[in-house]
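First the structure, in the form of structure tokens, and then the observations on it.
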Amino acid sequence: MTVKARFAPSPTGFLHVGNARTAIITWLFTRSQNGHFLLRIDDTDRERSKDEYEQAIIDGLTWLGLDWDEKANQKDRMARYTEIIEKLKVDGRLYACYETPEELGLKRKTQLSRGIPPTYDRAGLSLSKDDIAKYEAEGRKPHWRFKLNHAPIEWNDLVRGSVAFKGEDLSDPVVLREDGTPLYHLCSVIDDIDFEITHVVRGEDHVSNTATHVQMFEAISGKAPDFAHLSLISDAEGGKLSKRLGSLSVKDIQEQDGLEAMSVVSLMARLGTSDPIESFTNIQSLVDSFDFSKFSRSTPKFDPDELIRLNAKILHETSFDTVKERLAAMGLNEMDESFWNAVRPNLEKLEDIKNWWDMTNESLATVIEDEDKDFIAQAATLLPDAPWDETTWKAWVDKIKEGTDRKGKNLFMPLRKALTGMEHGPELNNLLPLLGPEKTKKRLAA
Ligand code: GLU
């Protein structure tokens, strides 16, 4: 049987880290099974759904390196939802209710104050013809609920193991609004059936929805797919993701923070699993090691600093070929492979490379302290002849040690400051050939 899974975002906002994690994990699972990946846009809510969000989600997924075999929009499938809804009405699985939101709120409050679980009391089921006529005469329109069987609901979750609910503990979910638009629950189930989804992967905030969905699957097609409910990520202290972190969008990570897509993928693929969090430059290794049995039920902590650490490691392993178009787009089209290789171990974010480029190419404010002036002047006379390579630095230092009375930090630091203007930075054996004799002499004479 071919595995088919889907990622089903609602285009009511940007792709944020939590959703991106679901997308990455669903995608890795599907690819690890040589399966089929569906991108389903849950846009039944026409007021809140926006084309630009759909596009942003597509851009975000593409940037992350995820692809899909098929894409569907719920808004294009309304006729199909209506067909199933009418059938379920005939089967007696949907029933009309006339409460206003205020009336429902009041019922809830009363139940809570009496210590009763706030499930819907099924008043809609016992309405007489007269009651209905009265409501209709008032201009009320019904919303429709799915009638749950009061029976055990069980499934074996790929992450949570055995999960059990009782039908009687759950409210009959509303599946059709007053205005005739179908709601997420039923649409999602109909799609999962029609697109032959074998595995539904989503956040654990959907677990009790799933219990109701299981009965909808049974009512429509007789069989529910497999489920994997991922623990929701928390902040570094273990609390619920703050508004700022929770809504941290993939677009911001890309555009404002300037991070590499693979740092997000590397982190999100491994967070909350028994595998170590490591930097990957290639998504295939993550596909190969994917297994739901490695996922824990406990809440994984999301620490944005970890993204930065992974980002640095990934850049240190990134080849010039992979990055050269992006460098050109940054206006660094004259940069070559040897420059990239020399400088990349110092990068935390790609944009840092601009500083290195400027350090070697622009006129730079370097530092020569008064007490080092004579030493620097003397060191300049000892520079080896061109051509320069990675061994030049050592050859130069050997000559300086012979020709002056300096050694250790006393020798290196004045040279570093004279050449780079900074106390920390690239290995000087790498920097020297990048600078070349002309610029080096100029800086030492400054
Ligand atoms: N659109 C729903 C959401 O974003 C999809 C949930 C599901 O995977 O069924 O929460």
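The residues of the chain are indexed from 1 along the displayed sequence. We count ligands from 1, going down the list as the structure has it; atoms in each ligand are counted the same way. All values reported here derive from a predicted model rather than from experimental measurement.
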With a cut-off of 6.0 Å (strictly less than), are more than 12 heavy atoms of other residues, nucleotides or ligands near NZ of K417? yes

Taking the six-membered ring of W144 (Phe, Tyr or Trp), confirm whether the NZ or CZ of K89 is under 6.0 Å from its centre and within 45° of its axis. yes

For the side chain of S221 and the backbone of I193, is there at least one donor-acceptor N/O pair under 3.5 Å apart? no

Does the ring of F195 carry R6 above it, NZ/CZ under 6.0 angstrom from centre and within 45° of its axis? no

If you measure every N or O of R6 against every N or O of ligand 1, does any of those distances drop under 3.5 Å? yes

Given the rule in the salt bridge (charged side-chain N to carboxylate O under 4.0 Å, His left out) test, do E168 and K166 qualify, once you have shown the distances and angles that lead to the verdict? CA-CA 5 Å; E168 49 273 38; K166 287 189 204 137; 5.7 Å; no

Atom indices of ligand 1, in the order listed, that fall short of 4.0 Å to a heavy atom of S188: 9 (O)

Nearest-contact summary for atom 4 (O) of ligand 1 - protein heavy atom, Å: A8 O, 3.5 Å

Looking only at protein heavy atoms, identify the closest one to atom 10 (O) of ligand 1 and say how far it is in Å. H206 NE2, 2.9 Å

re atom 7 (C) of ligand 1, the protein heavy-atom contact at minimum distance is Y184 OH, 3.3 Å

Can you tell me which residue and heavy atom of the protein come closest to atom 1 (N) of ligand 1, and the distance to 0.1 Å? D42 OD2, 2.6 Å

